[in-house]
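Take a look at the structure below.
Numbers for residues simply follow the sequence, beginning at 1. In listed order, ligands and their atoms are each counted from 1. The model shown is predicted, which means the values in this text are computed figures rather than measured ones.
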Amino acid sequence: MLIKKRRGWELPESAATPESVFINRRQLIKSVAAGTALIASGPFFVSRAAQAAQPWDDDPSLGLYPFQRNENYVLDRAITDEETNAKWNNFYEFGSHKQIFRNARKLRDRPWTIKVDGLVEKEFEIGIDDLLAKMPLEERLYRLRCVEAWSMTIPWSGFPLKAFVDFARPLSSAKFLKMVTFNDSKMASGQKQFWYPWAYTEAVTMEEAVNELAFLVTGTYGHPSPPQHGAPLRLALPWKYGFKSVKSIVSFTFTDERPIGFWEEIQSKEYGFWANVNPEVPHPRWSQATEKILGTGDRVPTLLYNGYGEFVADMYADKANEPLFM
Ligand code: MTE
């Protein structure tokens, strides 16, 4: 993968421009692009740009990428090929199968406002591009282990959840951080399936939220995230099963009551609050001993805490009686 490093003098436009100006610029680019396509498209001609367009091409944060890689997080296996990663996803808002990437293009990720409320000094809202301008941006290589026994290795771009927590200024009475996905069945037809408890919700303890591994993701493979990965802001908790890594977050609530997650609400005997990866604790319907590395055909042994025990095991030393591995 080609990683282009931005030099100090290349100040990204979004670092100096308020989000509203960016959005207008983005709308302008879209209108111009639409106009060009109309003029150019006859029965025998379709604009090449329109054919080649990637979902992130007109993302207002594009100029910030790629972020500098943080070399503290090393992998024991190759990075998953980008196309494999982009075409095998769980995002039930856009369908309950794995090939939701086309449908997910309906996600409108600008303007995107994030609400911070609950046990904080002061509740507030912030646009995603204004938030990006305030956060310490970096790239990390992480493994992702799904509870369905497949895994990938991904270069995530984003910032530590701890930096966001510090910015949000929670009160000392906050014990949990709850994160919620958008709820808009006109945009995401999966949300018409009324038997699911929308909106998708997940939560962590405050100790987990400030653990150095907890990461908020805005991009993949050196560019803004495509919609199927949960643009423009999703969580990555590499020591937990993938369902904890909630996508397309619109709100962060600090609370003293343990929230119930989407899957926990559907089936609490199968999906719990902690959901730490453990090969020795099978899911009620399948073993967790091994995992299929997508894109390789390899099946390898799964590791306790997905191999991240040195960063996280201490947090659970006094919680032996909790169902930590479901
Ligand atoms: N977030 C939302 N909002 N909706 C979902 O369906 N699926 C979860 C998680 N986050 C999901 C979600 C599951 S089960 C997994 S394994 C990961 O997203 C998959 O992330 P990926 O598609 O980027 O690989």
Under 4.0 Å from a heavy atom of Thr181: give me the atoms of ligand 1 that qualify, with their elements. 3 (N)
Note: ligand 1 atoms sitting under 4.0 Å from heavy atoms of Cys146 are 16 (S)
Proximal ligand 1 atoms for Leu144, defined as those under 4.0 Å from one of its heavy atoms: 24 (O)
For Arg102, what residues pass the salt bridge (Lys or Arg N to Asp or Glu O under 4.0 Å) criterion, not counting sequence neighbours? none
Pairwise side-chain contact, Glu121 with Leu171, heavy-atom cut-off 4.5 Å (strictly under): yes
Starting from atom 6 (O) of ligand 1, find the nearest protein heavy-atom neighbour and note its residue, name and distance. Tyr92 N, 2.7 Å
State, to 0.1 Å, how close Arg110 and Ser61 come at their nearest heavy-atom pair, and which atoms those are. NH2-OG, 3.7 Å
Below 4.0 Å from ligand 1: does a non-hydrogen atom of Arg234 turn up there or not? yes
Kindly confirm or rule out an N or O of Lys247 lying under 3.5 angstrom from an N or O of ligand 1. yes
Side-chain donor-acceptor pair under 3.5 Å between Trp239 and Tyr316, yes or no? yes
Between Phe67 and Phe159, is a ring-ring contact (aromatic ring centres under 6.0 Å, His included) present by the stated rule, with each step listed? CA-CA 10 Å; Phe67 301 171; Phe159 47 88; 8.7 Å; no
Heavy atoms only, cut-off 4.0 Å: how does Glu93 contact ligand 1, side chain, backbone, both, or neither? side chain
Any atom of ligand 1 sitting under 4.0 Å from a heavy atom of Ser245? yes
Short version for Lys244: what comes under 4.0 Å of ligand 1, heavy atoms counted, is neither
If you compare all heavy atoms of Ser268 against all heavy atoms of Met326, which two are closest, and at what distance to 0.1 Å? O-CE, 3.1 Å
When you group the ILVMFWY residues by side-chain heavy-atom contacts below 4.5 Å and let the links chain together, are Tyr142 and Phe243 in the same group? yes
My understanding is that we take every heavy atom of each candidate and find the minimum distance to atom 23 (O) of ligand 1. Doing that for His229, Met152, Arg145, which one comes out nearest? His229
May I ask you to list the atoms of ligand 1 that are less than 4.0 angstrom from any heavy atom of Gly242? 8 (C), 9 (C), 13 (C), 15 (C), 16 (S), 17 (C), 18 (O)
Counting heavy atoms under 4.0 Å, the part of Tyr200 that contacts ligand 1 is side chain
Looking at side-chain heavy atoms only, is the closest gap between Phe164 and Asp166 below 4.5 Å? no
Give a yes/no verdict on a cation-pi contact between Arg258 and Phe273, requiring under 6.0 Å between NZ or CZ and the six-membered ring centre and an angle within 45° of the axis. yes
Do me a favour and list the nearest non-hydrogen protein atom to atom 14 (S) of ligand 1 with residue, atom name and distance? Asn90 ND2, 3.4 Å
